[in-house]
Trainee: 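Could you have a look at this structure, given as structure tokens, before my questions?
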Amino acid sequence: MSSLSGLDGRGWWAVCATDKASLPARPAEATVGEPLLATLPNCPPIGVVVRDTHLRCIQVNDAQGSKDGIPLRRRLGRRLTEAVPGSEAETLEAVMHQVLASGDPAINVDYQAFLPAGERHARTLTASFFRLDDAQGCALGVCVVSVDASASRRARERLTILGTVSRRIGTTLDVMQTAQELADLAVPLLADYVTVDLAESVPLGEEPLAHVGAQDGHVPVFRRAGLASIHPGTPESMFARGEPVFVPPTSPFTGVLRSGKSHFEPVLDTSPGTWLDRHDPVRAMKIRESAMHSLMVVPIQARGTVLGVEVFARTEDPRPFEEDDLLLAEELVSWAALALDNARQYARERSAALALQRLLHPHHPTGGSAAEVAWRYLPADSHHGIGGDWFDVIPLSGARVALVVGDVVGHGINAAAKMGQLRTALHTLADTDMPPDEVLSRLDEQVIRFAEAEDPRDLETTMMAATCLYAVYDPVTRVCTMARAGHPPPAVIDARGRVTFPDLPAGAPLGLGLAPFESTTVELAEGSVLALYTDGLIEARHQDVSDGMNRLRVALSRPDLTLDDLSPRPWTHCGPSRRATTSRCSSHGLAP
């Protein structure tokens, strides 16, 4: 039931019911000013307004006034457009005219409350309109019932925003880029100015901070990773993106880092005697210059560790932050923190894998008297990470030399470690002086034993496969004997710059137990170049491998270049992107 105030000053009651058809019929002589039975939503408190056939307000309850902001004295006896002129009122009156004319109710019509100009937030109401009839079906007026839908609408908006987070944040595995995406998303959606400051160890892939606090009057160094503002050039910021950030030992920032809880200051206090005035006068001056008046500082935490803080501030927007804004900011940061931590862990693993690869690769490869050697290695920079590509030059008896290039399936530290195992095993097999096909057969068996020795519960380590090309060059006969295990064929460049790819049996990748492999012998003319490479140089998404081979052919067709000049060309002119991990080993055949 709802108490109504009428023009005559008497109180009336409207009774809630779930089915209008089930209510007793009103007497024919009833008027709209008498006690009403109306269908009202079962979600009090609700606002109720009764209007006559001229749409003048004749009855209203107290709840309606508190919802839409129209005082009782200005409402009673007037149409809505008379009480609050404007387009919103005209739209609602058009709905009421339609309900009066058709008799069909209008359900769940959203409109903005008519609040004073100083009100901080617009309030969204949802109204339903019903025609009131007498027993003969003649219209007596319109009953309007309203509920405040602001909370549910804000919840829907939060879900929409958080859905945007998954699409716009974490598009790469770069810590700095992810932090900038987080800042960009929040402006102007939530704030006029936003910074993302990370502990300096985070962009480097090192361990984040379990907790942060002043130590001997100092706090750990932070770095500005994200920066966004509604003003071009972010004049509010004291630090450029990428620069170290000074954090006062006594400030809301360090308080947030110690406690792991947000700092919420709807009205930012910059008066004399505050922490800004005592410990950070330069920042206080910058805040006053930019008219910063409302502040939120939210910790960036993931998996129980502190990565940094995000600061939200309002300058042009006169509204102070509210609790709902803080809730949204915390949810946004929480989602983004996982992307940041994934990027940090990726950076750490990439650094470790790259360091391991550099340690395992030959530092000063030489072909001795058999060949002149030059090489280039370009680590992948894609989100897939460091791979297991490797090459080697192994001196053999009789002035011969073995040239090796291979690629372990997978990425990261595990692939690099497996590559090290294969390289060691291949060195041992090369010393036995077996032909290339038999070397690959024995290496295939060794790869299978490596996989069997791993923990069967760890799929990442037990699934081991690799491709490999093994070639032995004899400078006396100028004969090169080669065999491959699923690896791309080498390129042979003659003295005039013509490039051919020898027809070698492909063979199966190592680790599948599908031997035997076959060797092929090629005679290299004096001054020839043998180019070995990995598949990252010729393969690209949505492009045929033959296109990559043709690009490589063009890149290598330069007889006027030395080996040192020629070796960088494949990955600078041939590769469709810098995503490829390449290792290239070239040798000039020498006359006997």
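Position 1 is the first residue of the sequence; numbering continues from there.
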Trainee: Out of the candidates Leu182, Ile230, Val187, Thr234, only one should pair with Val194 under the side-chain contact (heavy atoms from CB on, under 4.5 Å) rule; please name it.
Mentor: Val187
Trainee: Have Gln112 and Thr124 got a donor and an acceptor in their side chains that come within less than 3.5 Å?
Mentor: yes
Trainee: Is any side-chain heavy atom of Leu327 closer than 4.5 Å to a side-chain heavy atom of Glu331?
Mentor: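 When only atoms from C-beta onward are counted, Glu331 and Leu327 do touch, with a gap below 4.5 Å.
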Trainee: Checking side-chain contact (heavy atoms from CB on, under 4.5 Å) against Phe222, which of Val309, Leu198, Leu257 comes through?
Mentor: Leu257
Trainee: Using a 4.5 Å cut-off on heavy atoms from C-beta on, say whether the side chain of Arg224 contacts that of Thr195.
Mentor: yes
Trainee: Is there side-chain contact between Ser262 and Glu330, with at least one heavy-atom pair below 4.5 Å?
Mentor: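 The answer is yes, as the side chains (C-beta and beyond) meet within the 4.5 Å cut-off.
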Trainee: Apply the test side-chain hydrogen bond (donor to acceptor under 3.5 Å, both in side chains) to residues Tyr111 and Ser146: give CA-CA distance (whole Å), side-chain angles for both, the deciding distance (0.1 Å), then the verdict.
Mentor: CA-CA 10 Å; Tyr111 69 98; Ser146 301; 3.3 Å; yes
Trainee: Quick one: do Tyr533 and Leu552 satisfy side chain to side chain contact (heavy atoms under 4.5 Å, CB included)? Show the steps, please.
Mentor: CA-CA 10 Å; Tyr533 54 92; Leu552 179 59; 3.5 Å; yes
Trainee: Would you say that Leu268 contacts Glu265 through its side chain, given a criterion of any heavy-atom pair below 4.5 Å between the two side chains?
Mentor: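 Result yes, sub-4.5 Å side-chain heavy-atom pair found.
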Trainee: What distance separates Met176 CE from Asp174 CG, expressed to the nearest 0.5 Å?
Mentor: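 Those atoms lie 8.0 Å apart.
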Trainee: Looking just at side-chain N and O atoms, do Asp407 and His487 make a donor-acceptor pair shorter than 3.5 Å?
Mentor: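 Looking only at side-chain atoms, His487 and Asp407 do not form any donor-acceptor pair under 3.5 Å.
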Trainee: Is there a donor-acceptor pair closer than 3.5 Å between any side-chain N or O of Gln421 and the backbone N or O of Phe450?
Mentor: no
Trainee: Side-chain contact, heavy-atom cut-off 4.5 Å: Val109 with Thr126?
Mentor: no
Trainee: Search all heavy atoms of Val298 against all heavy atoms of Leu326 and return the closest pair with its distance.
Mentor: CG2-CD1, 4.3 Å
Trainee: Taking NZ, NE, NH1 and NH2 as the nitrogens, is one of them in Asp197 or Arg241 under 4.0 Å from a carboxylate oxygen of the other?
Mentor: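 Answer for the salt bridge query: no.
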Trainee: If we check side-chain contact (heavy atoms from CB on, under 4.5 Å) with Asp341, which of these qualifies: Thr178, Ile300, Leu307?
Mentor: Leu307
Trainee: Are Leu185 and Gln180 side-chain neighbours, meaning at least one heavy-atom pair lies under 4.5 Å?
Mentor: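 Sidechains of Gln180 and Leu185: no contact.
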